[in-house]
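Notes to accompany the following structure.
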Amino acid sequence: MMRKGIGLALALVAITVVSLTLFISNMGMDPINHTENESEAITPSEKPLPIPPLLEDKNPNPDEAEFHLTAQSSTSEFLPGQVTDTLGYNGSYLGPVIRVKKNEKVTVKVKNELAEATTVHWHGLEVDGERDGGPHTGILPGETWEPNFTINQPAATLWYHPHLLHKTGEQVYKGLAGLFYIDDEVSENMPIPKEYGVNDFPLVIQDKNLSSNGKVEYDLSMHDVMMGLQGNTVLVNGAINPYLEVPKGKVRLRLLNGSNARIYQFSLSNSQGFVQIASDGGFLEKPVEMSNIVLSSAERAEIIVDFSDYQLGERITLTDQVTGAKLMEFVVSTEAKETFNIPEKLTDIQKIDPSSAVRTREFVMQGMGPNVNINGKQMAMDRIDEHLNVHDTEIWEISNENSGMGGMMGGMAHPFHAHGVQFQILDRNGNPPPANETGWKDTILIYPDETVRVIATFNHKGIFMYHCHILEHEDAGMMGQFEVK
Ligand code: C2O
Ligand code: CU
Ligand code: CU
C-alpha cells in the first residue's frame, strides 16, 4: 500500500474543490467513468471516413520487408475551415498501416522530424526489448532509428505509437499512432472479408478537446490528471462523425481504441449485432456474438458486421453507449461481391497450462492523479522492478486497489499493458473470462477492486515496460520495468 502520496493528492484535490464537484456526480460508482459537457459538443458536417494508406514495402524480397516512417508536425482540418496543429507519421495526422507477414524479416527506418525526441513502440509485437521502442530508445530530432525483427506470432491487429517518458500522452494525443497488421496462413485462408478499404476497414477511435476555433491543446485539467484526458469530440481515423460506404454484406472492422483514456462501449443502431473474431493479439478460437463491445485505451477488436438485410442507401450508426455519442455512420452502398460463411472455428489457441508457470507475480495498481503507481512505486528509468528468465511461463496477478479516497469517489478502471508478450486471461476475480477475452490479450482492463490473473511465456529478452494505458497515468509514473534474461 502506498500512503505517502495520498496526503498530497488530498491537498491537490482540496484546492480544486470547485472543479471537482463539477465532475464528481458523473464519476459515481460506475467503473466506466466519463464526463461529457454537452454544451461543448461540436456538430460538424459529415465527411467520408479517411482510410489510412498501406505503407509501401521497399524491399522486393518476398520474405523481407523495409518500411520508412517519418514522425512530423503538420496541420489538419478537423473542423471545416479551422486549422489544427497535429503530428503524424508520413502525413499530417495518424500514420499509415504497416502490414507484415508471419516469419518476415522486417526493417523499419524511423526518422524523427519533430522538434523534440520521440520513440516508436510496436504495441503488441513480440520482439526483443531493444527493438520494442520503449522509453529507452529515444530518437532525437533529425535522427533515424532502425530496428529490425522477425515476425513470430499469429495474425493480429497491433499498433504503433510513441513512448517517450512523460511525453507519451501528448505525442499520441497530437496524432502519432498507426496500425500494424500481421497476416499468416490462418488469416489468408480464412473465408472472411480481407480486402483492405473495401470490406476490411480500420477504425481508430480517439477523443480530443476540440475548441470551436479548431485548437487542440494538451493542457491537462485536474480532471484529466485524475481520470486521464477525456475530450469533448470523438474522431474516427481523424474525422468527426464520418460516414463509410459499405457493401450489402459482411464487413470486417478492426477497432482500435487509440484514445488517451476514454473507455467506450461500442454498439450499432437497430440493435444490429456483430461477431467478434479477434482480440488484441489475434483471432479468437470461435467467433463470439455480441451486441456491444467495451474497449479501453489501446485494446483492439476485430468484428464482422452483416449489412446484408439492409436496403441500399440505409444508414447504420456506430454509437458509444457510455456517453450516447454518435461516432460514425455506415451507408449500405453497393451489392456485396462475395458472401462469407464465417467458420465456426477460426483458429487453435494452445491454452497455457497454469501448472507450467514457475511463479506468480503480483501487480497492484493504486493511487490517484499524480500518485498513481504500481506496487507502491512510480516509474524510474534506472530501476528494474521485475526480473524474469527467458522462456519462463509466469502467472501475473493484477489487481486494482480501489483507493478512491475511502470510497468517496469510487475507483476507476485501469487498462494494464505489458510489452513484448501476449497473455491469456485465466480468471477475473476467480471467474472464467468472458468468451471474447479467451484469446490473446496485451491490454487488460482491470475494474476497481478486481483481481485478474493472466499467464504468458516470456520468449524475448530485454527490458520491457508494464503500465496503465491511460496515458496520463503512464506519464505520471504508473509504469514499471521488467527485464527478461
Ligand atoms: Cu501501447 Cu507501453 O504501450
Ligand atoms: Cu505496448
Ligand atoms: Cu490508470
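In each ligand, atom 1 is the first atom listed, and ligand 1 is the first ligand listed. Both backbone and side-chain heavy atoms feed into the values below; hydrogens, waters and symmetry mates do not. Bear in mind that the values here come from a model prediction, so they are computed numbers and not experimental data.
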Output field: ring centroids F458/F482 closer than 6.0 Å: yes

Is there a side-chain contact between F363 and N375 in this structure, where contact means two heavy atoms from C-beta onward sitting under 4.5 Å apart? yes

Of all N, O or S atoms in H419, the one closest to atom 2 (Cu) of ligand 1 is NE2

Does the shortest distance from atom 2 (Cu) of ligand 1 to an N/O/S atom of H467 fall below 2.8 Å? yes

Verify the distance test for H123 against atom 1 (Cu) of ligand 1: any N/O/S atom under 2.8 Å, yes or no. yes

Suppose we only count N/O/S atoms under 2.8 Å; would H469 qualify as near atom 1 (Cu) of ligand 1? yes

What N/O/S atom of H473 is the closest to the Cu ion (ligand 3)? ND1

Classify the ring geometry between Y466 and W396 as parallel (under 30°), tilted (30 to 60°) or perpendicular (over 60°). perpendicular

Should the pair R254 and Y181 be classed as cation-pi, given the thresholds of under 6.0 Å to the six-membered ring centre and 45° from the axis? yes

Name of the residue among N400, L295, I263, V452 meeting side-chain contact (heavy atoms from CB on, under 4.5 Å) with L445: I263

For the Cu ion (ligand 3), does an N/O/S atom of H469 lie at less than 2.8 Å? no

Closest H414 atom to the Cu ion (ligand 3) [N, O or S only]: ND1

How about H136 and H163: are their ring centroids closer than 6.0 Å? no

2.8 Å cut-off met by an N, O or S atom of H417 to atom 1 (Cu) of ligand 1: no

